[in-house]
Protein chains: 2
Amino acid sequence: MAHSRLNELIEKATKLFAEKGFAASSMRDLAHEMGIEAASLYSHIHSKEEMLEIICFKKADQFLAALDEVNDIYFNAEEKLRMAIKLHVSIICKNPNASKVFIDEWRHLEEPHKLKFIEKRNLYELGILEILKTGEQENLFKEVDLKFATLTILSTVNWINQWYNPQGKMKPEEIANELSNFILTGLKK
Amino acid sequence: MAHSRLNELIEKATKLFAEKGFAASSMRDLAHEMGIEAASLYSHIHSKEEMLEIICFKKADQFLAALDEVNDIYFNAEEKLRMAIKLHVSIICKNPNASKVFIDEWRHLEEPHKLKFIEKRNLYELGILEILKTGEQENLFKEVDLKFATLTILSTVNWINQWYNPQGKMKPEEIANELSNFILTGLKK
DNA sequence: CCTACCGATCGGTAGG
DNA sequence: CCTACCGATCGGTAGG
């Protein structure tokens, strides 16, 4: 497979960055994981930061693609929101390490990539916000501060990354369902 | 004032750790902020990590004290939850930088402090969980996975730290109110 | 992918 | 709080 060694490198970097944080991860740590010398890493990548870019932007594009999928198919705002949440949770659970880097480590990106990353993230937030706005217009959702509600929803769907265990008893679909119900109807009877 | 120079140091360290992350913050950065040489920092503290301890544990104790306050005074589970959220948001908004360190940087604590920190955090989570359990028993709240609901609630109240601006138009009280309503009744009409 | 190495920077200490 | 300094480690390059 072409680039398979590069793929392996990115995978190991993802795990390392997720576990120790970008700044606390050294190229020598990573080289050790790969079973090679630190200097040899640079035949696969140009810099430590480049790996962070690859990880963050790949994840950002996955989320944006999910948004397109939602907007292409579903009509009702509640269904749209449920679908968006389901896809979001699915993306996170499919690769918790990469998600952790996407959520917590992007700030170590250098310009101009950092700015570009924030733009993509904003685009995603806007997509969720549009769904909520539609729900308001359809008289399905309460009238709330849309920005506030968007960020609150994203916080709950991102947080699962902190405790999600692939070996745990809850499957991504169940998590998404519970979360959607919580977001839509709250805690009160 | 006794320890005022130490207080200033911790304050500046808090800001630095919040903005750049613990691992990416250097003692020379911090010394520069203080207007002294890096070596001089060690007449106030023993190590870089010690500052992280001070910040994290102070914040942890604030949250635990809030829990006591809630449990001492309020009876109804809904009121308890609203009060807990209000105090939580208030603690975060009072010092967003320290809260950021508490939420994101504690993993750089060294043992045995890391373990002790996790214990305190678990104690807090348990306190919130107890409130939800009471609400269930009082037939006020839905029957949900208590652990799941607790983490979801904490995620939303912690996330405000990412975007809260002390100069913004929303006051902590309003944020707490919106958040409580959202958590209790959800988005749906 | 390796050996050999670079300058820069790291957290921290000794001694005043 | 300073000067002077330590050994360790950092990301990265040259040349093969």
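Per chain, numbering begins at 1; letters A, B, ... match sequence-line order.
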| said: Suppose the criterion is side-chain hydrogen bond (donor to acceptor under 3.5 Å, both in side chains): which pairs have a residue in residues 40-57 of chain A, not counting sequence neighbours? | reply: A:His46-A:Glu50, A:Glu53-A:His113
| Taking only residues at least two apart or on different chains, which pairs with a member in residues 172-181 of chain B satisfy side-chain hydrogen bond (donor to acceptor under 3.5 Å, both in side chains)? | B:Arg82-B:Asn181
| note | Expected string for nucleotides 1-13 of chain D under the B/S/- scheme (protein heavy atoms, under 4.0 Å, primed atoms plus P, OP1, OP2 as sugar-phosphate) is BBBB-----BBBB
Cut-off 3.5 Å, no hydrogens considered: what does the side-chain donor-acceptor table look like for residues 85-98 of chain B, sequence neighbours left out?
from    : atom 1 : to       : atom 2 : distance (Å)
B:His88 : ND1    : B:Tyr124 : OH     : 2.7
B:His88 : NE2    : B:Asn158 : OD1    : 2.9
B:Asn95 : OD1    : B:Asn97  : N      : 3.4
B:Asn95 : OD1    : B:Ala98  : N      : 3.1

| task | Can you sort out the partners of A:Glu19 under salt bridge (Lys or Arg N to Asp or Glu O under 4.0 Å), two or more places apart, ordered by chain and number? | result | A:Lys15
| query | Which residues pass the salt bridge (Lys or Arg N to Asp or Glu O under 4.0 Å) test with A:Lys133, sequence neighbours left out? | reply | A:Glu130
| query | Reading DNA chain C 5' to 3', how would its secondary structure be written in dot-bracket notation, given Watson-Crick and G-U pairs with both distances under 3.5 Å, brackets [ ] for crossing pairs and | for partners on other strands? | reply | ||||||||||||||||
| task | Applying ring pair (Phe, Tyr, Trp, His ring centres under 6.0 Å), name anything that partners A:Phe141, two or more places apart in sequence or on another chain. | result | none
I'd like a table of donor-acceptor pairs (distance under 3.5 Å, sequence neighbours excluded) in which one partner is a side-chain atom from residues 27-36 of chain B, with atom names and distances.
from    : atom 1 : to      : atom 2 : distance (Å)
B:Asp29 : OD2    : B:Lys20 : NZ     : 3.2
B:Asp29 : OD2    : B:Ser26 : N      : 3.2
B:Asp29 : OD2    : B:Ser26 : OG     : 3.4

